[in-house]
Amino acid sequence: KDFTNIPISAFSTITKRLFTEGNFTIVDMIDLKKHDLSTYEEFKRHGVRSARFYPLVDSSGHIFGFICFEFKKKVKKAPSARELLEEEKFTNKISSIIELISKEINNESTDQKAKSWTSPFSN
């Protein structure tokens, strides 16, 4: 809840990586401290040791936010195929729901493309 309604540009290191890599993992948050002290401090406050990030992407392919899975212990760099699939499904559903809600609020029609959209970072 601490990250809701904050521009993604406030997290410069995370934002850059989302745009260049898609999803990614920070195995040790100490690594983040070297590049982005304020973001590191926020995660430290949560007791986070590792985190995995996924971009929230609309049906037009624009990144408008991110999902962060926080871990109290260090995680391995690459998630298992099963973990990756589950996390991507979760992220895709959240992206679609936010886009649909946004369209309803703005009185736009809900298009089928948004309902069945999947991440461009999925394999």
Taking [X] for the side chain and [Y] for the main chain, is one N or O donor matched with an acceptor at less than 3.5 Å?
{"X": "Ser95", "Y": "Asp58", "result": "no"}
{"X": "Ser102", "Y": "Ile98", "result": "no"}
{"X": "Lys72", "Y": "His46", "result": "yes"}
{"X": "Glu21", "Y": "Leu18", "result": "no"}

**Request:** May I ask you to test the Met29-Tyr40 pair for a side-chain heavy-atom distance under 4.5 Å?
**Result:**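 Touching, per the 4.5 Å side-chain cut-off.
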
**Request:** Check whether any side-chain heavy atom of Phe66 sits under 4.5 Å from a side-chain heavy atom of Ile14, and report yes or no.
**Result:**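 Contact flag for Phe66/Ile14 side chains = yes.
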
When rounded to the nearest 0.5 angstrom, what is the spacing between [atom1] in [X] and [atom2] in [Y]?
{"X": "Ile63", "Y": "Phe19", "atom1": "CD1", "atom2": "CZ", "answer": "4.0 Å"}
{"X": "Leu32", "Y": "Ile26", "atom1": "CG", "atom2": "CD1", "answer": "4.5 Å"}
{"X": "Lys93", "Y": "Ile67", "atom1": "NZ", "atom2": "CD1", "answer": "13.5 Å"}
{"X": "Asn23", "Y": "Arg52", "atom1": "CG", "atom2": "CZ", "answer": "8.5 Å"}
{"X": "Glu70", "Y": "Ser50", "atom1": "CD", "atom2": "OG", "answer": "11.0 Å"}
{"X": "Lys33", "Y": "Glu41", "atom1": "NZ", "atom2": "CD", "answer": "6.5 Å"}

**Prompt:** Can you list the steps and then say if Ile94 with Leu56 is a side chain to side chain contact (heavy atoms under 4.5 Å, CB included)?
**Reply:** CA-CA 8 Å; Ile94 295 295; Leu56 292 172; 3.8 Å; yes

**Request:** Test side chain to side chain contact (heavy atoms under 4.5 Å, CB included) on Phe71 and Arg49 and set out the steps.
**Result:** CA-CA 6 Å; Phe71 303 96; Arg49 295 283 313 270; 6.0 Å; no

**Message:** Using the rule that Ile, Leu, Val, Met, Phe, Trp and Tyr join whenever any side-chain heavy atoms are under 4.5 Å apart, tell me whether Leu85 and Val75 fall into a single cluster.
**Reply:**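 No, no single cluster joins them.
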
**Minimum heavy-atom distance between Asp28 and Lys74, given as atom pair plus value** =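 In this case the closest contact between Asp28 and Lys74 is OD2-NZ, 3.0 Å.
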
**Request:** Can you label the angle between the Phe69 ring and the Tyr54 ring as parallel, tilted or perpendicular, going by 30° and 60°?
**Result:**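 Because their plane-to-plane angle is over 60°, the rings of Phe69 and Tyr54 count as perpendicular.
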
